[in-house]
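Both counts, for ligands and for their atoms, begin at 1 and track the order of listing. In what follows, residues are counted from 1 in the order of the sequence shown.
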Amino acid sequence: MTARKLIPLHTLLHDIRACTVCAPVLPHAPRPVVVASADSRILIIGQAPGARVHASGIPWSDASGARLRNWLEVADETFYDASKFAIVPMGFCFPGRGASGDLPPRPECAALWHQALLAQLREVRLTVLIGQYAQRFGLGDAFGPTLTDTLLRWRDYGPRVIPLPHPSPRNIAWFKRNPWFEADVLPTLRARVRAVLQE
Ligand code: SF4
């Protein structure tokens, strides 16, 4: 066990929120967005904040977040209750925009913080992996060859892990091309979320 894992969670979160490691490469001042508590039951691992979340400092406070809460079938007050949901993107800061949308999460982030942070979330019963970066991190060799292939095998990852596509409005064409996702995955996701929150 590394020394980092011994740091109390509130100290670790304080250190993350003060992190400026990527300042030289980000197009703005770092603003890490992360929510977690030692009691969190469901872990949401997403990609990275977008511009609206960067501005608000509130995770998933955008159209993607509204769709995600609909998928999970939870109200805002439940989603933002850290004793219920930990919200841990692969990159805690908005990475900026590229030619075809937001840039990938900064790779420094997971390397620096995720092992220590996730090790302290001992009450997590369900991990939701949103998008390819979270799925590569959470599933390792089980990811691939494409995100769709990975999602089609969603039953293989066990009752404690569910991979999801990113709920961004940019993915509406994917949702339409893959009606099995709404028909098969969402009812199971909602049932597992309900069960975990009622335990
Ligand atoms: S993206 Fe992560 S590693 Fe980079 S400045 Fe933000 S918190 Fe630090």
Side-chain angles (χ1 to χ4, degrees), residues 1-65 67-69 79-124 127-140 143 147 161 163-171:
M1 181 177 287
T2 66
R4 173 68 72 186
K5 289 182 185 171
L6 301 176
I7 297 175
L9 180 57
H10 69 275
T11 304
L12 185 57
L13 289 170
H14 177 272
D15 290 351
I16 290 171
R17 288 171 179 139
C19 179
T20 59
V21 164
C22 301
V25 292
L26 289 174
H28 49 70
R31 188 178 195 187
V33 178
V34 56
V35 172
S37 121
D39 300 324
S40 301
R41 316 278 296 171
I42 298 174
L43 171 60
I44 304 286
I45 304 184
Q47 185 160 314
R52 286 189 62 172
V53 171
H54 175 70
S56 71
I58 301 170
W60 296 102
S61 57
D62 52 13
S64 298
R67 180 174 282 108
L68 175 60
R69 288 183 286 280
F79 185 75
Y80 289 114
D81 179 343
S83 73
K84 296 183 170 68
F85 283 89
I87 303 172
V88 180
M90 290 305 298
F92 297 139
C93 297
F94 172 46
R97 287 207 175 93
S100 57
D102 289 353
L103 291 169
R106 290 303 314 173
E108 297 89 339
C109 212
L112 263 176
W113 299 115
H114 285 49
Q115 183 185 7
L117 179 56
L118 300 188
Q120 299 210 31
L121 304 182
R122 298 188 185 96
E123 299 303 320
V124 167
T127 298
V128 180
L129 301 170
I130 300 175
Q132 62 160 314
Y133 298 101
Q135 288 157 23
R136 288 180 194 277
F137 173 79
L139 301 177
F143 178 87
L147 180 133
V161 175
L164 298 180
H166 198 286
S168 165
R170 297 171 65 97
N171 287 336

Min side-chain heavy-atom separation Phe94-Val53 under 4.5 Å: no
Non-hydrogen side-chain atoms of Tyr80 and Trp60 separated by less than 4.5 Å: yes
Near atom 4 (Fe) of ligand 1 (cut-off under 2.8 Å), count of protein N, O or S atoms: 1
Close side-chain approach of Cys109 to His114, heavy-atom, < 4.5 Å: yes
Distance (rounded to the nearest 0.5 Å) between Leu117 CG and Asp15 CG: 11.5 Å
Flag if over 12 foreign heavy atoms under 6.0 Å of CZ, Arg17: yes
Enclosure of Arg52 CZ (heavy-atom neighbours >12, cutoff 6.0 Å): no
